[in-house]
Amino acid sequence: MIEKFAAVEIISAKRDRNELTDPQIDWVIDAYTRGVVADEQMSALLMAILLNGMNSREISRWTNAMINSGERMNWSSLDRKTADKHSTGGVGDKITLPLAPLVAACGGAVPQLSGRGLGHTGGTLDKMESIPGWRASLSNEEMLQVLKDTGAVICAAGAGLAPADKKLYALRDVTATVEAIPLIASSIMSKKIAEGTSALVLDVKTGSGAFMSDPKKASELARTMVQLGVDAGLKMRALVTAMDVPLGLTAGNALEVRESVEVLAGGGPSDVVELTILLAREMIDAAGIIGKDPADALKDGSAMDHWRRMVTAQGGDPDAALPVAKEQHIVKAANSGIITTMDAMKVGVSAWRLGAGRSKQGEQVQAGAGIEMHAKPGEYIEAGAPLFTLHTDEAPRFERALEVLDGAVSIVENGKVDRLPLVLERIEG
Ligand code: URA
């Protein structure tokens, strides 16, 4: 095959701050997926993009080229409207678990293709896999059947979905090029557009525990992704939300499943409940679904019914006891006062060191490992009262997990809480 371009021309064009043409972008993504453009050439191009950026036309074309590298799913045989949510990830962010069955209970269909955790933020599939018997890998036919039967499916994205992104993401991870907004936006949106949902709500996290700690950068990422979705014909919404403090009272796989079930049973921590309802309302509104209000579906048990059906349809037992770690260690408050801060990043890294997360792809995670928080910012705590319970199967992990928690929490007599509002910004596309 005679190639249309040479990779070096495209790399030098971006190095010299020129715009890439549509044919150049189509070719470089296709040729990289075919193995014609080498990893070292793509690494150089990614670094040039990180340093010199891309305009909105280039980002849109780059996203389309990644979508075209694989299959595009189609849910037109469903008699319900599809809506999905994507979160950029954070500590204790278990929202997908109660949200998917909740939106199903309100009349939507939620085709949620999720990933595994890497680093200090957890992955939805790792959380769901702590439910005995639950299976993440489904064929496209099985996925459609679960969606038809239960209104929601949470499963792993198959190898056929945006294969260019799989290769590129692994390369970005080892070349310090993850952080470029055009590359993040196109990576996330290529998978979500290929997934075939007609409405998408983005939860872009900001604060210490988020991938975009600067709210201005989080807002730019949200706007870039909303525009990509609109260009592809999706109904889009984005919320920029707080991740300076962990979400809810747990971080860790089985611990987060337990908390999600509490939310579905009509209880659970107020921040998790509030964000779940807000995102569900956005999804329903964006998709144009006329049905039950999410707050009612949590109260009347219908969201819980959908959860049980969804878990069962994927081989899980919703009544089985969840795994519990072999070892526990309680961290007590050093002094009395108001908790003014709780650093999400430090809590996330600590949970990760306890075994809740992985440091390289393919590593096993511990289902029971993680951190329970007994109090959150704004609450009064007595000296000596439990602040955290650390869980792990391997006691030697406590030392390094405790090390990073040092200074994670401030307790001040008559102190004032210093934290971000839950929702910083809303964008509608
Ligand atoms: N998640 C993705 O899927 N891609 C990115 O680039 C960053 C986060």
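Only a predicted model underlies this, so the values are computations on that prediction, with no experimental measurement involved. In each ligand, atom 1 is the first atom listed, and ligand 1 is the first ligand listed.
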- Query: Between the side chains of Lys205 and Thr241, is a donor N or O closer than 3.5 angstrom to an acceptor N or O?
  - Reply: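 Result is yes, a qualifying pair exists.
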- Query: Do the side-chain N and O atoms of Thr175 and Ser43 include a donor-acceptor pair separated by under 3.5 angstrom?
  - Reply: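 The criterion, which ignores hydrogens and geometry beyond distance, is not satisfied for Ser43 and Thr175.
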- Query: Any side-chain heavy-atom pair from Glu425 and Leu239 closer than 4.5 angstrom?
  - Reply: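 Sidechains of Leu239 and Glu425: no contact.
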- For the pair Lys191 and Asp165, find out whether any cationic side-chain nitrogen is under 4.0 Å from an anionic carboxylate oxygen.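 Asp165 and Lys191: salt-bridged.
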- Name all pairs fulfilling the side chain to side chain donor-acceptor pair (under 3.5 Å) condition that reach into residues 5-15, sequence neighbours left out, sorted by first residue then second.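 Qualifying pairs: Lys14-Glu58.
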- Message: Tell me if the CG atom of Asp293 is crowded by more than 12 foreign heavy atoms within 6.0 Å.
- Response: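 For Asp293, atom CG is crowded (more than 12 foreign heavy atoms under 6.0 Å).
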In a simple table, one pair per line, please give the protein and ligand 1 atom names for every N or O pair closer than 3.5 Å, along with the distance.
from	atom 1	to	atom 2	distance (Å)
ligand 1	3 (O)	Lys191	NZ	2.5
ligand 1	4 (N)	Ser187	OG	2.6
ligand 1	6 (O)	Arg172	NH1	2.9
ligand 1	6 (O)	Arg172	NH2	2.8
ligand 1	6 (O)	Ser187	OG	3.4

